[in-house]
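Naming convention: chains lettered A, B, ... in sequence-line order (proteins, then strands); numbering from 1 in each chain. Note that the coordinates shown come from a computational prediction; the quantities given were computed from them, not determined experimentally.
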There are 2 protein chains.
Amino acid sequence: MNVEDLDLAIVAALTADGRMSFTDLAARVGLSTSAVHQRVKRLEERGVIAGYTAKINYEALGLPLTAFIAIRPIDPAAPDDAPQRLSGLSEIESCHSVAGEDYYLLKVRVSGPAALEDLLAKVRSVAGVTHRTTIVLSTPYEGRAPLLRGDRVAGW
Amino acid sequence: MNVEDLDLAIVAALTADGRMSFTDLAARVGLSTSAVHQRVKRLEERGVIAGYTAKINYEALGLPLTAFIAIRPIDPAAPDDAPQRLSGLSEIESCHSVAGEDYYLLKVRVSGPAALEDLLAKVRSVAGVTHRTTIVLSTPYEGRAPLLRGDRVAGW
DNA sequence: GTTGAAACATCAACGGC
DNA sequence: GCCGTTGATGTTTCAAC
């Protein structure tokens, strides 16, 4: 796919501040405004930049409780459309299919223990048995940019 | 803190598209451009909107392997500054302090198994013994907006 | 990648509800 | 207090080089 160092710098800058103007971005990577503009548009078209989002403080929004829920289907032989069936539950922020004992790992945001209890009941009824729920106490950091450094793609 | 429905609509729109212009945002929530502008600035000042970020396709960037690493310190009596000591490892996207058997849950992005092996060694040497590593096979969805609906803050 | 110019968005000051 | 209008400044966008 060939993403150059300049593109990595652009991606890093837009990860840190997704609303940075093309003018500032240009100054940061040492290019003209329209040159970065073209590169950003190309990164968007190629899907390297999949979009932009606001970072939300969910505590301030009344959803102070974050948890991870590991699940596995009740019937392992049944067609596994759990992600789709769970997608209606708005409390679920992300859904990963994982290797290991569990099938899926969900990250959820709720208003408190009672809402978590309700959610767990819904998850059970929709997509199998909940296996393990891990409560998040605090989040030292989140959404950092894990970008490529010197060691690059060697090792695959 | 008192976040109104109008603010929730703004937050939802900016979660879906963090670079949406105030003009479009205004049309979407039925306000004038400067009215939404003022509300967004207030949401930023109050910390409800903590910033903006680009959504990156890490596979396209050469980091196709995502994993969760659950850790606990070697010496539970020692001062626990693991998040800070781990913050130098750029592969770590997020670090949550959790309840349960483990102390921290890390989400990491690497280029492949060899890079994961290297990272696990670094995590061990820096912040304790790695207890369980869960490989992500695929991600049906991620970064959705878990916003408040009718049930609100009841239940706390 | 660059320049330049038109269309558009941002932001602060002011007035009205 | 919150919303709307205005106008100056800055930004985005696109064609031509």
| task | May I ask you to test the A:Pro146-B:Val108 pair for a side-chain heavy-atom distance under 4.5 Å? | result | no
| Within residues 10-30 of chain B: residues closer than 4.0 Å to DNA chain D (heavy atoms) | B:Arg19
| query | Between A:Asp7 (CG) and C:dG1 (C1'), how many Å, whole number? | reply | 14 Å
| Between the first and last five pairs of the helix from C:dG1-D:dC17 to C:dC17-D:dG1, the angle of the axes, rounded to 10 degrees | 40°
| remark: Looking only at D:dC2, C:dT2, D:dG4, the nucleotide nearest the B:Arg39 side chain is D:dC2
| query | Does the side chain of A:Val110 reach to within under 4.5 Å of the side chain of A:Asp118, using non-hydrogen atoms? | reply | no
| said: Return whichever of B:Gln38 or A:Gln38 has its heavy-atom-nearest nucleotide of DNA chain D closer to the 5' end. | reply: B:Gln38
| field | Side-chain donor/acceptor contact of A:Thr33 with base of D:dT11 under 3.5 Å | value | no
| request: Kindly check if the number of other-residue, nucleotide or ligand heavy atoms within 6.0 Å of CZ (B:Arg28) is above 12? | output: no
| message | Can you tell me which residue among A:Glu44, A:Lys41, A:Arg42 is in a side chain to side chain contact (heavy atoms under 4.5 Å, CB included) with A:Ile49? | response | A:Glu44
| query | Do B:Glu142 and B:Lys107 meet the salt-bridge criterion of a basic N to acidic O distance under 4.0 Å? | reply | yes
| query | Pick one: which of A:Leu6, A:Val40, A:Leu147 meets side chain to side chain contact (heavy atoms under 4.5 Å, CB included) with A:Val11? | reply | A:Leu147
| message | Are there over 12 heavy-atom neighbours, none belonging to A:Glu93, within less than 6.0 Å of that residue's CD? | response | yes
| Once you round it to whole Å, what is the distance between C1' of C:dG1 and NZ of A:Lys41? | 18 Å
| task | Please tell me which of A:Leu31 and B:His37 maps to the more 5' nucleotide of DNA chain C, matching each residue to the nucleotide holding its nearest heavy atom. | result | A:Leu31
| note | Nearest heavy-atom approach of B:Arg144 to A:Leu89 is NH2-O, 2.8 Å
